[in-house]
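All remarks here apply to the structure that follows.
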Amino acid sequence: MNEFTVKRVFQSSVTTGFVATVISFVLACIIWPIWSIVMKSVFSALAATGIAAAPELGATLITIMVEGSWFWLLIHPWIWLILVLGACGKTTFSSQQPYTGLSYTVMALITGALAFFVVFGFIGIWWKPFNLVLMLMPKTAEDVALAILGWEAATYFIFPFIMVQISFVALFHKWPFAGTSKPAIENWGVMFFSTLVAVIFWIAAIVPSFMPLAIGGEQVVFPPMGSWATFAAFCQAFIFVFLIPAEGGEGYPMKFFAKKQPLMGVIGFLIALAAGFILPPIIRGIVAPMNLLPGAPVDLVVASLLLSCITCLLAWHSLFDDFPSVQDVPNKSARVLIRLAIWLILGFGLGTIWIKTFTKIPFGANDLGLGLPTMGVLGGQLAFLTVVLYLSAFFDKWPLIYKEPLSTSKKEITSRFN
């Protein structure tokens, strides 16, 4: 078995996190345009006939397809491979960075593509907008319009996956599967069960958000909470609060009320659910007079600010090692409250800056004068967050932190003192 010693370029976790954040930003500015160019070329070739039949609708379709490809090929697999399956197969091809991260990224891309084709290959048998042939190769203007509906609903499968699958890990600690069998079986049990729940949520909430289904002129579905922006704000508030116990909150706030599963998970879920209803109206009342994004629904601004808080929380956990540590602040209450203050101050502060500058950033809404599809005020933050999560979980923060194999002499010396 290989033995390693961990080397750090910077000893301070805050310095490491800051530099890693800058690297993530620069990489996102480079990776997104490349991704956009490549995927636009692929989808434009596949959907050429439909685009020629309806150029304006075709441009909208290409934008949604490119955004959806990022979610399905990069974000979904990260959730499955890292959180649900516990970094399954990460060192299959290499245990040395950056080769580990590169090979695992390829594995993620393949996993995401297979999942997309399996899910919509099945659902598309009966749902015309989700038919793979229609989604990828529309022929008429009517096909393009249906494909847009299908891709919008498919793209925002991301919300059920985040809200449901990560909840099983962050709130329920993989209950009821944890501790019942071998880790691999437990992980796959969580994978299949949480996917089933996520699909139900997707059908119940996401599909009605984008598909105005009617029978005999009578509307049979309604968008949750009246509009997509309002529902998105609810989702972001829910996600932010349910992540806190696992991402620096050290089990709180749900540990105030329970210490064992499944009660911990149930209480954590109820707290997050309450936050979903309570936080957006409060934030809306504060930011509405500010008119941060003229012409856009105020709830879209609320959703963006909350997503910024989520981004800061996850970046602080992944890149800054949940500073302050136990050594820095021994008192748990003070430690968690300091982190909470950091997430909120940075989240709302940087979130406001993002809203005012995202049109100038390549992974926001700057097409670099090339007519490239862009991610927008919400998707852009997810593009940046994806790079943060990959740098941390796939590449182990290489090259800022790396493992160096112990030499034979070092191994002998180490063994004498262990």
What I want to check is whether the side chains of [X] and [Y] have a donor and an acceptor closer together than 3.5 Å.
X	Y	answer
Gln96	Ser94	no
Thr386	Trp78	no
Ser69	Trp35	yes
Ser227	Thr230	yes

Are [X] and [Y] side-chain neighbours, meaning at least one heavy-atom pair lies under 4.5 Å?
X	Y	answer
Val144	Ile51	no
Thr311	Val388	no
Ile166	Phe242	yes
Lys7	Tyr402	yes
Leu74	Tyr390	yes
Phe193	Phe168	yes
Asp322	Arg339	yes
Phe161	Trp72	yes

Output all residues satisfying side-chain contact (heavy atoms from CB on, under 4.5 Å) with Ala246, sequence neighbours left out; order by chain, then residue number.
Ala170

Centroid separation [X] to [Y] less than 6.0 Å:
X	Y	result
Trp228	Phe159	yes
Phe210	Tyr156	yes
Phe122	Trp126	yes
Phe177	Phe192	no

Fit a plane to each ring of [X] and [Y], take the angle between them on a 0 to 90° scale, and name the class: parallel (under 30°), tilted (30 to 60°) or perpendicular (over 60°).
X	Y	result
Phe234	Phe277	tilted
Phe120	Phe157	perpendicular
Phe201	Phe231	perpendicular
Phe320	Trp316	parallel

What's the spacing between [X] [atom1] and [Y] [atom2] if we round to 0.5 Å?
X	Y	atom1	atom2	value
Glu67	Thr374	CD	OG1	8.5 Å
Leu305	Arg284	CG	CZ	12.5 Å
Ile200	Leu196	CD1	CG	4.5 Å
Leu350	Thr21	CG	OG1	9.5 Å
Phe384	Trp354	CZ	CH2	9.5 Å
Ile162	Ile158	CD1	CD1	4.0 Å

Is the backbone N or O of Leu292 less than 3.5 Å from a side-chain atom of Lys356, with the two atoms forming a donor-acceptor pair by type?
yes

Donor-acceptor check, side chain of Trp151 to backbone of Met135, threshold 3.5 angstrom: yes or no?
yes

Neighbour count >12 (heavy atoms, 6.0 Å) for atom [atom1], [X]:
X	atom1	value
Lys260	NZ	no
Phe348	CZ	yes
Ile215	CD1	no
Lys128	NZ	no

Can you list everything that forms a salt bridge (charged side-chain N to carboxylate O under 4.0 Å, His left out) with Glu142? Sequence neighbours excluded, please.
none

Qualifying residue for side-chain contact (heavy atoms from CB on, under 4.5 Å) with Ile62, from Ser36, Pro373, Ser41
Pro373

